[in-house]
Protein chains: 2
Amino acid sequence: MIRMAEPTLAEHIANELRRDILRGKLAPGESIKERDNAAEMGVSRTPMREAIRILAKEGLIQLRPSRSPIVARPNFKNVEDHAQVLIALEKLSAELAVKNASDEDISHIAGIVDHMSEHFDTSDPLDMFEIDMSFHTAIADASKNKALAETHRTFLQRLWRARYLAASQRRNRQRVVNEHTLILNALRGRDAKAARAAIDNHLWHLAEDIREVIEKESAANNSAGTPTGDPQ
Amino acid sequence: MIRMAEPTLAEHIANELRRDILRGKLAPGESIKERDNAAEMGVSRTPMREAIRILAKEGLIQLRPSRSPIVARPNFKNVEDHAQVLIALEKLSAELAVKNASDEDISHIAGIVDHMSEHFDTSDPLDMFEIDMSFHTAIADASKNKALAETHRTFLQRLWRARYLAASQRRNRQRVVNEHTLILNALRGRDAKAARAAIDNHLWHLAEDIREVIEKESAANNSAGTPTGDPQ
DNA sequence: GTCTGAAATTTGGTATACCAAAACAGGTTG
DNA sequence: CAACCTGTTTTGGTATACCAAATTTCAGAC
């Protein structure tokens with residue numbers, strides 16, 4: 001038996017697959033064969049099946065009846081739907097964080113903004129992006145609402161690749177840091193209205209970036225037929 | 001192999017357990033022994049394990065390391081957290097439904113309100129409650145945002161028992177129908193502001209009812225020690 | 001070259017066995 | 001009486017086998 005804190009084999013596999021998907025090593029549309037992948041990793045079908053289930057719940061893998069599951073190909077509507085919900089969750093996070101965040105929480109969030117400013121030019125884009133994510137996650141945690149933090153995390157994860165692609169393309173880090181600073185200031189000032197407005201502004205830009213990148217990918221997919229190849 | 005539309009054995013088991021939990025047949029704190037329950041139902045551990053996983057994800061069952069899972073005992077904070085998120089999701093639902101609902105959608109929602117009015121006194125409380133739930137679900141569906149509808153459904157499910165208990169105790173059906181009608185009128189008028197206000201009002205009452213019932217259950221649990229008995 | 005039917009392959013789901021770790025219970029000792 | 005130790009029981013996780021259904025492939029006929 002394994003302790004709760006120690007991840008199971010299935011969780012390990014899920015993490016590895018998730019990383020491959022989010023980094024693009026496993027492309028949208030690519031099939032994930034339960035038996036083949038299990039053999040490749042030297043594990044049995046049971047944890048592999050469990051891992052695939054975990055990622056299917058997260059929206060990263062799409063189960064198909066009687067066919068191998070495939071890496072989900074986020075369409076525009078799907079991404080937009082998730083972005084809309086994420087914005088509502090982030091607003092609620094900010095609102096509750098204004099009320100409930102401790103001074104330590106706010107210091108922690110400020111530390112993330114500082115870190116982003118300081119390492120603006122020297123960091124790998126992926127590292128910077130992870131820090132960006134941690135900013136948003138810290139606010140959700142500071143809301144002191146676990147159900148919200150968990151659901152927020154789920155949506156962040158589902159939108160991870162779209163957001164990552166958007167962040168990679170635009171190189172608008174200064175704007176991101178500026179907008180994060182606005183949010184932080186609203187939290188510090190315990191100003192719910194300002195926090196919501198700053199979140200709205202920040203995520204409106206995000207939605208724009210995501211829309212562009214998804215349109216690009218759709219165009220690329222259409223002109224190339226099926227660049228990732230049909231599954232199977 | 002089973003078709004997608006046809007539920008698996010695991011899904012059947014999950015549905016049965018869910019029903020037992022939500023109806024109180026399986027009380028909060030009661031343990032669910034994988035092997036025993038599987039034997040009782042004449043199935044193997046695999047679908048039972050899968051079913052427990054499903055319900056754990058829904059928050060109805062609480063997994064414990066090296067111990068039998070137990071029926072989740074919702075504490076006050078937990079329920080309140082979920083209610084807060086649900087309110088945000090419902091507001092977003094109403095807002096998007098105002099924009100995106102088809103006339104058919106609105107007719108469907110109106111039909112539910114009519115049905116509730118007509119069968120106000122003659123229906124079993126549980127039936128009336130299910131119809132109440134379908135009202136909210138129909139709005140989420142009318143938002144045309146699948147991610148929102150799915151997450152909304154998840155939160156509705158997690159709060160089901162608390163809401164059901166609240167609904168059973170208060171017998172405030174007339175008020176519920178009135179508030180539903182306000183929401184429906186706001187949807188019909190395509191008035192997002194009115195819809196949000198009506199949702200706020202409706203769910204504020206809900207939160208009040210839930211708070212009362214959870215407090216009652218907490219008091220009952222404290223005075224009786226562990227009325228449901230320790231698991232194992 | 002196309003179509004159809006049969007065979008082969010792939011697949012998800014389930015049953016069962018095994019293992020190691022954690023928890024529990026009972027007895028002994030101080 | 002409390003603490004500790006040991007043996008037993010319970011438990012979750014994983015490996016493997018099997019089955020039935022769906023899909024794919026191949027061969028033969030037209």
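Note on naming: letters A, B, ... go to the chains in the order of the sequence lines (proteins, then strands), and numbering restarts at 1 for each one.
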- Task: Measure across Lys77(A) and Asn145(B) and return the closest heavy-atom pair with its distance rounded to 0.1 Å.
- Result: NZ-CA, 4.3 Å
- Between Leu187(B) and Ala94(B), what is the shortest heavy-atom contact and its length? CD2-O, 3.9 Å
- Task: Measure the distance from CZ on Arg64(A) to C1' on dT24(D) and round it to the nearest whole Å.
- Result: 13 Å
- Task: Measure from the side chain of Arg49(B), starting at C-beta and using heavy atoms only, and say which of dT11(D), dG12(D), dA15(D) lies closest.
- Result: dG12(D)
- Give Glu34(A) one of three labels, base, sugar-phosphate or nothing, depending on what nucleic acid heavy atoms sit under 4.0 Å from its own. sugar-phosphate
- Item | Between P of dG13(D) and CZ of Arg67(B), the distance in whole Å | 13 Å
- Message: What is the separation between atom CD on Glu50(A) and atom P on dG12(D), rounded to the nearest whole Å?
- Response: 13 Å
- Report yes or no: is there a donor-acceptor pair, N or O only, under 3.5 Å between the side chain of Ser66(B) and the base of dA21(C)? no
- Task: Ignoring the backbone of Ser44(B), work out which of dT10(D), dA15(C), dG13(C) is nearest its side chain.
- Result: dA15(C)
- Item | Leu9(B) CG to dA15(C) C1', straight-line distance once rounded to whole Å | 11 Å
- Query: Are the side chains of Asp141(B) and His108(B) in touch, meaning some heavy atoms are under 4.5 Å apart?
  - Reply: no
- Message: Under a 4.0 Å threshold between the charged nitrogen and the carboxylate oxygen, would Lys144(A) count as salt-bridged to Asp105(A)?
- Response: yes
- Task: In whole angstrom, give the distance that lies between atom CG of Asn37(B) and atom C1' of dT10(D).
- Result: 14 Å
- Start at the 5' end of DNA chain D and walk down; is the nucleotide closest to Ile32(B) or to Arg35(A) reached first? Ile32(B)
- Message: Expressed as a whole number of angstroms, how long is the span from Met48(B):CE to dG13(D):P?
- Response: 15 Å
- Item | Whole-Å distance separating the CG atom of Leu63(B) from the P atom of dT11(D) | 14 Å
- Taking the six-membered ring for Trp, are His202(B) and His136(B) parallel (under 30°), tilted (30 to 60°) or perpendicular (over 60°)? parallel
- May I have the distance from Met41(B) (atom CE) to dA15(C) (atom C1'), rounded to whole angstrom? 17 Å
- Using only side-chain N and O atoms of Thr46(A), determine if any of them is under 4.0 Å from OP1 or OP2 of dA15(D). no
- Query: Is any side-chain N or O of Lys33(B) closer than 4.0 Å to OP1 or OP2 of dT11(D)?
  - Reply: yes
- Query: Ignoring hydrogens and angles, are the base of dG12(C) and the side chain of Arg45(A) linked by a donor-acceptor pair under 3.5 Å?
  - Reply: yes
